[in-house]
Amino acid sequence: MGHRAVTVYVDDAVTPWRGHRWAHLMADTLDELHAFAARLGIPRRAFQDKTSGAHYDVTAQLRERAIELGAMPISRHVDRALMRRVIANARAQGRREVP
């Protein structure tokens, strides 16, 4: 059985809130999203979307670290359709526990 490459995305940190600029960290699968977030040191309770865990909000500093670790930078203005597709796919999977 072949192994499918999974992509982690991080959009541009443009949303200001509580003194920080925030970006979304997203992935093709929830398992990959949670594993990548753990590599960044983000606790599971950090989900913005509490019902599905479809993405994490990250500061601009963590966005840069995510890119260093291999996340694909995208623009929330240019790549909005891609963002919606990735988040919708993660939501459709539902919340899962990571071992």
Side-chain angles (χ1 to χ4, degrees):
M1 182 184 293
H3 186 266
R4 182 175 93 71
V6 175
T7 304
V8 176
Y9 305 91
V10 64
D11 69 353
D12 39 6
V14 296
T15 304
W17 184 65
R18 292 192 179 186
H20 295 284
R21 290 164 57 86
W22 296 88
H24 291 102
L25 181 70
M26 305 157 281
D28 290 332
T29 70
L30 287 177
D31 290 340
E32 181 68 12
L33 174 65
H34 298 319
F36 196 89
R39 288 175 57 201
L40 288 173
I42 300 172
R44 287 188 55 94
R45 67 181 177 280
F47 296 135
Q48 178 191 26
D49 183 336
K50 301 288 188 206
T51 58
S52 70
H55 66 276
Y56 287 87
D57 283 342
V58 295
T59 63
Q61 290 171 319
L62 276 181
R63 177 187 186 272
E64 295 307 314
R65 178 73 180 127
I67 292 169
E68 290 172 6
L69 291 174
M72 176 183 292
I74 61 174
S75 168
R76 68 177 66 197
H77 301 290
V78 176
D79 302 308
R80 186 165 294 281
L82 172 63
M83 282 182 61
R84 278 190 223 138
R85 181 189 59 75
V86 171
I87 290 173
N89 183 49
R91 281 190 180 126
Q93 295 174 54
R95 184 185 277 267
R96 286 191 247 161
E97 291 301 317
V98 175

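Computed from heavy atoms alone, side chains included, the values below leave out hydrogens, waters and symmetry copies. Along the sequence shown, the residues carry numbers beginning at 1.
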Within the structure provided, determine whether [X] and [Y] are in side-chain contact (heavy-atom separation under 4.5 Å).
X: L40; Y: L69; answer: yes
X: T59; Y: W22; answer: yes
X: D57; Y: H24; answer: yes

Seminar exercise, completed: Closest non-hydrogen atoms of M26 and D11, given as atom of the first, atom of the second and distance, are CE-N, 4.2 Å
Exercise. Quick one: side chain to side chain contact (heavy atoms under 4.5 Å, CB included) partners of A37, sequence neighbours excluded?
Worked result: L25, I42, Y56
Exercise. Which residues pass the side chain to side chain contact (heavy atoms under 4.5 Å, CB included) test with R80, sequence neighbours left out?
Worked result: R84
Problem set entry | With D12 via side-chain hydrogen bond (donor to acceptor under 3.5 Å, both in side chains) - residues at least two apart | S75
Exercise. Is there a path of hydrophobic side-chain contacts, each under 4.5 Å between heavy atoms of I, L, V, M, F, W or Y residues, that connects L33 with I67?
Worked result: yes
For this session: Give every residue pair that meets the salt bridge (charged side-chain N to carboxylate O under 4.0 Å, His left out) criterion with at least one member in residues 62-73, sequence neighbours excluded.
Result: R65-E68
